[in-house]
Each structure stands twice: as structure tokens, then as C-alpha cells.
Amino acid sequence: MTVRPVVDADAKVWDLAATVCDPEVPVLTLEDLGVLRSARATEKGALVEITPTYSGCPALGVMRDDVTQVLVENGYQDVEVRVVLSPAWTTDWMSEDGKRKLTEYGIAPPDPAHRRQGPRFGGTPVALAVKCPHCHSLDTVEASRFGSTACKALYTCKSCLEPFDYFKVL
């Protein structure tokens with residue numbers, strides 16, 4: 001969960017940074033995704049902190065450049081975009097509006113019921129159904145642990161036969 005600053009000058013920086021879209025899922029803003037962590041006006045410009053969905057996220061450089069560009073275009077001369085890795089990003093930080101946008105875009109949003117609990121090895125693995133974003137059927141099957149990006153898995157719906165990405169729960 002992210003929190004928009006209450007101080008007007010800081011909120012203005014936040015609102016501009018919040019307009020930047022994720023380069024891999026362009027229907028989501030960095031705010032929707034929960035990647036935007038903080039923003040504030042500084043004496044000479046702006047400071048924004050972002051947390052990538054993965055520490056090796058290939059889109060991180062584009063996110064940093066896009067935030068810098070939007071702030072420079074709006075008059076901030078000295079812009080710093082810091083990457084914060086701790087605490088690690090979690091799908092819990094994704095907004096409900098962002099999850100709705102994912103579904104409308106054809107990507108199944110992360111379902112907290114799929115979060116791994118307890119030890120990673122041993123016991124009986126249980127597969128939980130992922131709802132198809134196209135026809136809403138639960139008759140789906142995982143085709144690959146990796147979809148179009150590392151943060152997604154590839155599923156196929158047995159009802160409508162459409163393939164779709166599922167945003168993994170982290």
C-alpha cells in the first residue's frame with residue numbers, strides 16, 4: 001500500500017510520478033502497481049523512490065527514465081529517482097483499481113489465496129484455480145511458470161480456450 005504525501009509540494013511530485021505507466025503492462029501506472037513508494041519536493045527539484053517487482057526487473061531503467069522525464073517536463077530541474085529494495089515489493093501493494101485494470105486487459109490479477117504458506121518442500125502440493133480474465137471460468141490450467149514476463153505465469157482456459165497471463169502472488 002502506498003501513501004500519497006499530504007504536503008502540497010510533495011503531493012505534486014507524487015501526482016506527476018503516479019502518471020508514469022509500467023512499461024511491461026501499460027494499462028497500469030507505477031502507483032497502481034505499488035512500485036511508487038515515496039515522492040517529495042527538494043530544494044532544487046524532486047526525489048522519488050520506487051521499488052521494483054523483482055530486484056532484477058528489466059523494466060526498472062525505463063521506469064526511472066520515465067519518472068525523470070515527466071518531472072523534468074514539468075519544471076523540476078534536479079530529479080533523483082532512487083531504487084529501494086527493502087522492504088521487497090509484494091503484490092499486496094497493488095491497488096484494487098490496478099487489479100481491475102489487469103482483468104480488463106486480459107491478465108488475471110494476483111490472488112492472495114495462492115500465496116505459499118509454510119515450508120516450500122514436503123507435503124502434498126495443492127493447485128488452486130486461477131479465474132480466466134476472459135470468460136471468468138475456473139477451469140484453467142498452468143501451461144508455464146513464466147508468462148510474457150518473469151512476474152507472470154502462462155495459463156490456458158479450458159472453457160474458452162484462450163491463453164492468458166496470471167500475475168504471480170509475491
Side-chain angles (χ1 to χ4, degrees), residues 1-116 130-131 133-134 144-155 163-170:
M1 180 64 64
T2 55
V3 178
R4 183 178 179 267
V6 293
V7 175
D8 287 346
D10 297 340
K12 183 177 176 186
V13 173
W14 176 279
D15 291 344
L16 290 168
T19 65
V20 173
C21 290
D22 176 61
E24 294 178 333
V25 187
V27 296
L28 296 180
T29 66
L30 299 187
E31 183 180 41
D32 292 330
L33 200 52
V35 164
L36 180 59
R37 303 305 304 156
S38 70
R40 68 180 170 94
T42 63
E43 188 174 310
K44 295 181 180 178
L47 171 63
V48 174
E49 293 182 326
I50 59 176
T51 298
T53 56
Y54 283 87
S55 60
C57 176
L60 186 58
V62 174
M63 289 180 198
R64 189 180 356 208
D65 292 348
D66 289 351
V67 169
T68 299
Q69 182 180 348
V70 75
L71 290 168
V72 168
E73 288 174 354
N74 284 278
Y76 292 90
Q77 300 298 315
D78 184 23
V79 175
E80 181 180 359
V81 180
R82 290 185 188 156
V83 175
V84 178
L85 299 177
S86 180
W89 180 85
T90 168
T91 48
D92 294 341
W93 294 353
M94 190 179 289
S95 72
E96 291 305 313
D97 194 41
K99 293 175 184 173
R100 179 191 53 76
K101 290 176 182 177
L102 276 178
T103 301
E104 291 173 358
Y105 193 60
I107 298 173
D111 183 342
H114 293 178
R115 187 178 310 280
R116 289 179 183 244
V130 171
K131 186 187 287 186
H134 304 293
S144 172
R145 286 291 302 148
F146 296 97
S148 61
T149 63
C151 56
K152 298 182 214 98
L154 179 63
Y155 274 72
F164 65 92
D165 275 334
Y166 168 60
F167 211 105
K168 297 176 192 170
V169 175
L170 293 177

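At most 12 non-hydrogen atoms from other residues, nucleotides or ligands lie less than 6.0 angstrom from NZ of Lys131.
Remark: side-chain polar atoms of Ser144 are not paired, donor with acceptor, to backbone N or O of Gly147 under 3.5 angstrom. Remark: side-chain polar atoms of Trp14 are not paired, donor with acceptor, to backbone N or O of Leu36 under 3.5 angstrom. Judged by distance alone, the side chain of Lys99 and the main-chain N or O of Asp111 form no donor-acceptor pair under 3.5 Å. Side-chain atoms of Lys168 come within 3.5 Å of backbone N or O of Ala150 as a donor-acceptor pair. Side chain of Asp10 to main chain of Ala41: a donor-acceptor pair is present (N/O by atom type, distance under 3.5 Å, no hydrogens or angles). Remark: the backbone N or O of Pro133 is not paired with any side-chain donor or acceptor of Thr103 at under 3.5 angstrom.
A pairwise comparison of heavy atoms in Leu102 and Pro110 identifies CD1-CD, 4.2 Å as the closest pair.
No side-chain N or O of Thr68 forms a donor-acceptor pair with one of Asp65 less than 3.5 Å apart.
Ring planes of Phe164 and His134: perpendicular class, angle over 60° (limits at 30 and 60°).
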Compile the donor-acceptor pairs under 3.5 Å between side chains in residues 70-77 and protein atoms, sequence neighbours left out, one pair per line.
{"unit_1": "Glu73", "atom_1": "OE2", "unit_2": "Gln69", "atom_2": "NE2", "d": "2.8"}
{"unit_1": "Asn74", "atom_1": "ND2", "unit_2": "Val70", "atom_2": "O", "d": "2.7"}

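Taking CZ of Arg82 as the start and CD1 of Ile50 as the end, the distance is 12.5 Å to the nearest 0.5 Å.
A side-chain hydrogen bond (donor to acceptor under 3.5 Å, both in side chains) check over residues 44-55, counting only residues at least two apart or in different chains, returns the pairs Ser38-Glu49.
Looking at heavy atoms from C-beta onward, Cys151 lies out of side-chain contact with Trp89 at the 4.5 angstrom threshold.
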